[in-house]
Amino acid sequence: MSQEHDDASEQQKIRLEKRERILAEGREAYPVTVPVTHSIDEVRSQYPEVPAGETTGDEVTVAGRVLFVRNTGKLCFASLRSGTGTAVQAMLSLDRVGEEALAAWKQDIDLGDQVWVHGEVGASRRGELSIFVDQWGFAAKSLRPLPVAHKDMNEETRVRQRYVDLIMRPEARKMARDRIGALSSLRSSLSQRDFLEVETPILQTLQGGASAKPFTTHMNAYNMDLFLRIAPELFLKRCVVGGIERVFEINRNFRNEGADSTHSPEFGMLEFYQAYADYRDGAATTRELIQEAAQAVCGTLQVEHVDGSIHDLSGEWDSISLYGSVSAAVGREISPQTPRAELEQLCDSHGVDVNPDWLDGRLVEELLESLVTPNFTGPTFVFDYPVDTSPLVRDHRETDGLVEKWDLYVDGFELATGYSELVDPVVQRERLVEQASRAAVDDEAMPLDEDFLAALEHGMPPSAGVGMGIDRLLMALTGLGIRETILFPLVKPL
RNA sequence: GGGCCUCUAGCUCAACUGGCAGAGCUGCGGACUUUUAAUCCGUAGGUUGCGGGUUCGAGUCCCGCGGGGCCUACCA
């Protein structure tokens, strides 16, 4: 007997013994193929209404996981479910399946087993679509008990054993499908607008495109450290320089920072760049992408969250300016030229803690987060940010000290951000040199990427750029936490 | 990083101020040819997250470690 066998719970040992016995009797617990003729969904759709107590004369073989059993003396019921969540009832009666197969069923079947059954399609006396079984076998014997179906598993178990979660909870299966539904909608929406999808490096020699702490790794062949990318921005801009004037990428970014209900160390990201467009065009496209994704996933723009609340994503969205909205909230006109002492005094009087290292613009953003964003009633674009927090964005065409950048807030978190991209290579160099000088003290600042600057020096057309968190899009569509939107989020080993 | 809470049977949860670790479902044995969380009879199942300590006695109190949650901090 193996160590594993010794450590198994009582219920696991019983299942292991059943497996041994099945194999010893020359039957198969894990056959290489199963004689399936129909999926459970096909049976359901081909026989939508069989009158109670009647049979059809048609025979099928279906396979599924046993999720409900009810045995009586000479008649056994089981609910078999397919991976799509569709179920059909199997009925094993003494007169159809015979004494031996009925006894074996009662002896060997546990909740969670995957089986195939052959028999006539009909309906039970209660009118439930059923297979009247005359032959059955295992597709795969399950060796572990499932959780009870009537109580929620705790969140940790759901995350650590997503396979069990997927078996037990329709919502978990729906999330897996919704996620890929949203991705597929984004790809098709962008493709319809003539955007080309590309793939750019995840292993990078320089961190760039955002300010965040990177994960580092080591490449043995070149004996050099590499970074997992924190953003694809600098590579996608190289694409625009090269003439891919509408380009996007959907891929994973990695940031070595805190994890909470809105942050995951690896997260899905869409970035798209559109030449001959500005940040307002990018905002409009972003709204359309999200609305089309909501329509594709939820079937409506009045999106219902898991808590039952309805969130209207339709129509135009609110659009405010950072300085305008903060000025209104504090009751005093502030601008990028407002002296720091005054900003600090405003933060102080509104209960916003100030870190002395923060730049002036950061103080205004803090005021926004604490005074303005909590009052948003729907998706809201916040326009025009201070230059000192945004080194890759073009200066505002009208107001000194601002850049053409927006953030999109949905449900209180940042869902997307967009720029009129900085394309003047000389200004970009100045900004990046300034950043690089801070890299010595700030491990999130970007080092100088000479190759990126060389690309810009070849001439990049005026462009809009947008980044949107995929996980956060799913959060906005469902109301779930980020770890529920990710099939297998990182968990610490036990 | 800081604070608070939490970890008990396969699952979901109990156990008053320290005093025999329990229930429901699941499982196992039995009855039942129309069940839907069936019903009825019987029954098994525990290193109370891990390691120390206090005590006649620890699930409960103390210390350390680990997992998880919330708040906070950090986060373009």
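Heavy atoms only: backbone and side chains are in, while hydrogens, waters and symmetry mates are out. The sequence lines fix the lettering, A, B, ..., with proteins before strands; numbering per chain opens at 1.
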inquiry  = Check this for me, if you would: do A/R429 and A/D424 make a salt bridge, where the nitrogen-to-carboxylate-oxygen distance has to be below 4.0 angstrom?
reply    = no
Whichever of A/H263 and A/A149 has the more 5' nearest nucleotide on RNA chain B, that residue is A/A149
Separation of B/G1 atom P from A/D353 atom CG, nearest Å, is 21 Å
Dump the pairs, protein N or O against N or O of nucleotides 9-11 of chain B, anything under 3.5 Å, distances to one decimal.
residue : atom : partner : partner atom : Å
B/G10   : N9   : A/Q11   : NE2          : 3.4
B/G10   : N7   : A/Q11   : NE2          : 3.4

For this session: Under 4.0 Å between any heavy atoms, over every strand shown, what does A/R483 touch: base, sugar-phosphate, or nothing? Just pick one.
Result: sugar-phosphate
task: Using a heavy-atom cut-off of under 4.0 Å over every strand shown, decide if A/F413 touches base, sugar-phosphate, or nothing.
output: nothing
*asked:* With no hydrogens and no angle check, just 3.5 Å: does a side-chain donor-acceptor pair link A/R15 and A/S142?
replied: yes
Item to complete: Assess whether salt bridge (charged side-chain N to carboxylate O under 4.0 Å, His left out) is satisfied between A/R44 and A/D41, documenting all intermediate values.
Response: CA-CA 5 Å; A/R44 276 267 163 217; A/D41 295 87; over 6 Å; no
Distance between the C1' atoms of B/G24 and B/A58, in whole angstroms?
-> 27 Å
Using only side-chain N and O atoms of A/R362, determine if any of them is under 4.0 Å from OP1 or OP2 of B/C75. yes
Pairing partner of B/C13, by Watson-Crick or G-U wobble and under 3.5 Å for both distances, is B/G22
For the C1' atoms, the ones on B/A44 and on B/C25, what distance do you get once it is rounded to whole angstrom? 15 Å
query: Hey, are A/Y409 and A/E369 close enough side-chain-wise for a donor-acceptor pair under 3.5 Å?
result: yes
Say whether A/H118 and A/E59, considering side chains only, have a donor N or O and an acceptor N or O under 3.5 Å apart. yes
(request) In sequence, state the C-alpha distance, the side-chain angles, and the governing distance for A/E155 and A/R158, and then conclude on side chain to side chain contact (heavy atoms under 4.5 Å, CB included). (result) CA-CA 5 Å; A/E155 193 204 327; A/R158 295 208 308 257; 3.9 Å; yes
**Asked** Taking atom C1' in both B/C4 and B/A73, what distance in whole Å separates the two?
**Response** 15 Å
Rounded to whole Å, the CG-P distance (A/L80 to B/U36) equals 18 Å
Handout entry: Side-chain N,O (A/K13) to OP1/OP2 (B/A44) below 4.0 Å
Key = no
Taken to the nearest whole Å, CG/A/L16 to P/B/C28 is 14 Å
pair_partner(B/C4), Watson-Crick or wobble, both distances < 3.5 Å, evaluates to B/G69
**Asked** Between A/K405 and A/Y419, is NZ or CZ placed under 6.0 angstrom from the six-membered ring centre and within 45° of the ring axis?
**Response** no
Determine the Euclidean distance between corresponding C1' atoms of B/A76 and B/G3; express it in Å to zero decimal places. 28 Å
Students often get this wrong, so: under 4.0 angstrom with heavy atoms, is A/E128 touching a base, only sugar-phosphate, or nothing?
base
Checklist entry - Has A/D307 got more than 12 heavy atoms of other residues, nucleotides or ligands less than 6.0 Å from its CG? => result yes
Between A/F68 and A/T417, the residue closer to the 5' end of RNA chain B by nearest nucleotide is A/F68
Should the pair A/W406 and A/F383 be assigned to parallel (<30°), tilted (30 to 60°) or perpendicular (>60°) ring geometry? tilted
Taking only the side-chain nitrogens and oxygens of A/Q107, find out if one of them lies under 4.0 Å from OP1 or OP2 of B/G29.
-> yes
Report task. Determine the contact category for A/W358: base if any of its heavy atoms lies under 4.0 Å from a base atom, sugar-phosphate if only primed atoms, P, OP1 or OP2 are that close, otherwise nothing. Result -> sugar-phosphate
request  = Please state the P separation for the pair B/U17 and B/C7 - nearest whole angstrom.
outcome  = 14 Å
Base, sugar-phosphate, or nothing for A/R160, non-hydrogen atoms under 4.0 angstrom?
sugar-phosphate
Could you write out each protein N or O paired with an N or O of nucleotides 70-72 of chain B at a distance under 3.5 Å?
none

* Mind checking the P distance from B/A23 to B/A31? Whole angstroms is fine. -> 26 Å
Partner of B/G27 under the Watson-Crick or G-U wobble criteria, both distances under 3.5 Å, comes out as B/U43
> When you compare B/G68 with B/C61, how far apart are their C1' atoms, in angstrom units rounded to a whole number?
Replying inline: 23 Å
- Apply the test ring pair (Phe, Tyr, Trp, His ring centres under 6.0 Å) to residues A/W136 and A/W105: give CA-CA distance (whole Å), side-chain angles for both, the deciding distance (0.1 Å), then the verdict. CA-CA 8 Å; A/W136 74 273; A/W105 176 272; 5.0 Å; yes
Fill in: From CA spacing to verdict: side chain to side chain contact (heavy atoms under 4.5 Å, CB included), A/D58, A/Y47
CA-CA 10 Å; A/D58 299 341; A/Y47 303 93; 2.7 Å; yes
Quiz item: Should A/S211 be listed as having a side-chain N or O under 4.0 Å from OP1 or OP2 of B/A76?
Solution: yes
Here the distance between atom C1' of B/U36 and atom CG of A/L129, to the nearest Å, is 15 Å
*asked:* Please tell me whether A/N251 and A/E249 have a donor and an acceptor in their side chains that are separated by less than 3.5 angstrom.
replied: yes
- Query: Between B/C62 and B/U6, how far is it from one P atom to the other, in whole Å?
  - Reply: 11 Å
Nucleotides 30-34 of chain B: which of its N/O atoms have a protein N/O under 3.5 Å away?
residue : atom : partner : partner atom : Å
B/C32   : N4   : A/N71   : O            : 3.4
B/U33   : OP1  : A/K74   : NZ           : 3.3
B/U33   : OP2  : A/K74   : N            : 3.1
B/U34   : O2   : A/R125  : N            : 3.0

(request) Check whether the side chain of A/H150 and the base of B/C25 form a donor-acceptor pair under 3.5 Å. (result) no
Between CZ of A/R472 and P of B/A76 the distance, given in whole Å, is 11 Å
Rounded to whole Å, the CD-P distance (A/E414 to B/A76) equals 9 Å
Exactly one of A/K141, A/R21, A/K18 clears side-chain hydrogen bond (donor to acceptor under 3.5 Å, both in side chains) with A/D108, and that residue is A/R21
Separation of B/A73 atom P from A/K213 atom NZ, nearest Å, is 16 Å
By the Watson-Crick or G-U definition, both distances under 3.5 Å, B/G51 is matched with B/C63
**Request:** Decide whether A/R229 and A/T200 meet the rule of one side-chain donor and one side-chain acceptor closer than 3.5 Å.
**Result:** yes
To the nearest angstrom, the CE-P distance between A/M168 and B/U12 comes to 11 Å
Exercise for the section: Before giving the answer on salt bridge (charged side-chain N to carboxylate O under 4.0 Å, His left out), spell out for A/R394 and A/E421 the whole-Å C-alpha distance, their side-chain angles and the decisive distance to 0.1 Å. Expected result: CA-CA 5 Å; A/R394 157 178 223 126; A/E421 298 295 340; over 6 Å; no
